[in-house]
2 protein chains.
Amino acid sequence: MPRRGTKKPYIPIDGQACQVRDIGICAPFSGEALGALETFKAAERMYAPGRDFLVQGESAGEFFTVLDGWAFLYELLEDGRRQILDFCLPGAFLGFQPDLSAPVTYSAQALTDMSVCVFPRSRVADFVRQHPELGLRMACVAARDQYLAFRHLSNVGRRTARERVASLLLELFFRVRLHSPASSGDKIVIPLTQEHIGDALGLTSVHVNRTLRQLREEKLLTLKGGSLQVLDPDRLAEVAGFESDVAFLRH
Amino acid sequence: MPRRGTKKPYIPIDGQACQVRDIGICAPFSGEALGALETFKAAERMYAPGRDFLVQGESAGEFFTVLDGWAFLYELLEDGRRQILDFCLPGAFLGFQPDLSAPVTYSAQALTDMSVCVFPRSRVADFVRQHPELGLRMACVAARDQYLAFRHLSNVGRRTARERVASLLLELFFRVRLHSPASSGDKIVIPLTQEHIGDALGLTSVHVNRTLRQLREEKLLTLKGGSLQVLDPDRLAEVAGFESDVAFLRH
DNA sequence: CGCGATTTTGATCAATGTCAAAGGTGGTGG
DNA sequence: CCACCACCTTTGACATTGATCAAAATCGCG
C-alpha cells in the first residue's frame, strides 16, 4: 500500500533511489530525519549466492536491511541438521540483537546475488535517542517478524507435510507478488531447491519432492527450475489451511 | 545479574514494589523517566488459571508485562490442533504488534494465577517519542524473543522427540531458576500437563509420556505433579543437544 | 467416596525418513 | 560445439518414528 499521495523524498544512494524505502526500517522517515538516517548507514554491500554474510557464533558488529535479492536465516545443529528460520526478501531487517556485542545466534546466507544496506551496531543506541521513531519502527518490524516466526512454528509443529509445503509456497507467492509490481501473473521466480524447502519445513528433500509431485498431479502448482506457478490459489489456500484473512500480506 | 551497585528506585505499585523491574520492559529506566513510565501504565490485573486474556482474532488495545505467574501463547488451527508458541514467565512482554488496531494473531492463556502490568496500545507511539529508551528497549526485548522463537523452531523442525523434550524442560529449568532466588536446588515448579508439552513440541501427549518415561528410566529427570527435578543436568544437556554455551540464560 | 482430568500402557497404523540409484540440467573448459 | 561434472530432481524399496485408538491406573479435589 503506498503511503498517502505525498511525493516520497527518495535519497539517492550511490546514485540510485532506495528501492525499499517504503517497506524497510526507514519507512517512517522523511525530510531531515531521512538525511540523518543516511549518516547512520555504514555502507552498501553486495553478496553472491551461497555467501554466508552472518555466521552463527561470530560477532558481527552490524545489522542489515535487504535492498535486493533473496537470503535465508538458518541454524545448524552439531551433526549437520539444518533448520531454515526465515526467508529474507527486500525490506527484511536482520542481524539486530539485544546484546550488540554478543555473537549472533543464527547464520544468514545469500540465495541470489543480493545487495544490503549495512548499519553499525555500535551507534544504534545513540541514534535511537536522537530519532525515537527509529526505535519504534524497529520494535514494529521485530513484532511483525515474530508473527512470521510464530506462523512458521505452527506450520512445522502442527501441520502435515502437504499442508506445510502448500503454506510455504503460497506465502512466498504472495510476499513476492506484493512487492514486485511487474509480476502479477500466476508465476514467480523462487530461487530455492527442494532441500531449502525441506530444511525450512522440517522435512527431507525426498519427501518434499513427493509432496510436490502430489500437488502437481492435482493441478495446484508447478515448481520447476526456480519458477513457481500457482495454478489454483484458492484450492491451494484450502490445502494450506489458511483462514480467510491473509494478514501476512503486510510484509 | 544485578545492575551496578546502585540502589534501584523501586516504584511502589498498588503499595508494593515491582518484582520484574530489572528484567522487563522498564529495566533501563530510572528516576523521572520511571515516574513517567508509571503514568503510561494503564492498570494492573490478575488472571486465574485457564483464563484466555488475549484471543486470536480479537482486537486487544493493550499489551502486557507478566509480573507474576505463568502463561503461554498459542495458535489454534481450525480443526482444533494447537501449537504453543511460547511460555511466558515473569518479565515477559506480550501483545505488542505493529498495527496497533489490528486483531491479535495469537491467544494467551494463564497457566497459574498471575498478575500482569497493562499498557495501552494507543499511547505507545507518543510515549516512545518522549522516551526513546523505551523504543530501543522494546526492540531489544523483541529481538530476544525472536531468538527464543527461532530456537523453538529448530527444536520442533529438526530434533527427535527425545531431544525436544529434554531441550524444553532444561530450558524452563534454567529460566525459572535464574529469576527465583529461592530455588537453586535441582527441583522447580512447572505448571504444565504433558499435553501442554506436546502442544509446544509438535508431539502428542501420549508420545510425550513415553519419552518422559524413557528419560526417567535413564535417571535424567523426574516430572511429577507439577514438579520437575533435573537429576543430571550435564547428561540432559547432552541429550538436548545444547552447545556448550547457554546463551538463553539471559532471559 | 466419587468424579473429571491426567497419566500410563498396549496394540496397531500411517506419515515420513533412509538408502540407493537413475535421470536431468546448466555451466565450463577443451 | 561437445563432453563432462557438479548439483538437483525423481523414483523405488524398506525402516522407523511418532500418531491413533482404546482402556486401565492414578491423582486432585469437593
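Nothing here was measured: the structure is a model prediction, and the numbers come from that model. Chain letters run A, B, ... following the sequence lines, proteins first and then strands; every chain starts at 1.
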Between the CZ atom in A/Arg164 and the NE2 atom in A/His152, the distance rounded to the nearest 0.5 Å is 9.5 Å
When every non-hydrogen atom of B/Lys187 is compared with those of B/Phe173, the smallest separation belongs to N-CE1, 4.2 Å
Comparing A/Arg159 with B/Lys224, nearest DNA chain C nucleotide closer to 5' gives the residue B/Lys224
To the nearest 0.5 Å, atom OG1 of A/Thr160 lies from atom CG of A/Leu201 at 10.5 Å
When rounded to the nearest 0.5 Å, the distance separating CD1 of A/Ile25 from OG1 of A/Thr65 is 6.0 Å
Salt bridge (charged side-chain N to carboxylate O under 4.0 Å, His left out) pairs touching residues 217-234 of chain B, sequence neighbours excluded, are B/Arg162-B/Glu218, B/Asp232-B/Arg235
Contacted region of DNA chain C by chain A, from 5' end to 3' end of the hits, cut-off under 4.0 Å to heavy atoms, spans C/dT16 to C/dC19
Residues in residues 190-205 of chain A with a heavy atom under 4.0 Å of DNA chain D, by number, are A/Thr193, A/Gln194
One should read off an interatomic distance between B/Glu75 CD and B/Thr105 OG1, to the nearest 0.5 angstrom, of 6.5 Å
Note: B/Ala108 and B/Leu73 closest approach over all heavy atoms is CB-CD2, 3.7 Å
Distance col, row A/Leu192:CG vs A/Phe72:CZ, nearest 0.5 angstrom, shows 9.0 Å
Show me the donor-acceptor pairs within less than 3.5 Å that the side chains of residues 77-91 of chain A make with the rest of the protein, sequence neighbours left out.
unit_1	atom_1	unit_2	atom_2	d
A/Asp79	OD1	A/Arg81	N	3.3
A/Asp79	OD1	A/Arg81	NE	3.2
A/Asp79	OD2	A/Arg81	NE	3.0
A/Asp79	OD2	A/Arg81	NH2	3.2
A/Arg81	NH1	B/Arg158	O	2.9
A/Arg81	NH1	B/Glu163	OE1	3.0
A/Arg81	NH2	B/Glu163	OE2	2.9
A/Arg82	NE	A/Asp199	OD2	2.7
A/Arg82	NH2	A/Asp199	OD2	2.9
A/Gln83	NE2	A/Asp199	O	3.2
A/Gln83	NE2	A/Ala200	O	3.0

Residues B/Gly95 and B/Tyr106: closest non-hydrogen pair is N-OH, 3.2 Å
The bend of the helix from C/dC1-D/dG30 to C/dG30-D/dC1, taken between the axes of its five terminal pairs at each end and rounded to 10°, is 40°
In numerical order, the residues of residues 207-219 of chain A whose heavy atoms come under 4.0 Å of DNA chain D are A/Asn209, A/Arg210, A/Arg213, A/Arg216
Output for pair (A/Glu195 CD, A/Leu203 CG), nearest 0.5 Å, gives 12.0 Å
- [ ] Classify the angle between the aromatic ring planes of B/Tyr47 and B/Phe53 as parallel (below 30°), tilted (30 to 60°) or perpendicular (above 60°).
- [x] parallel
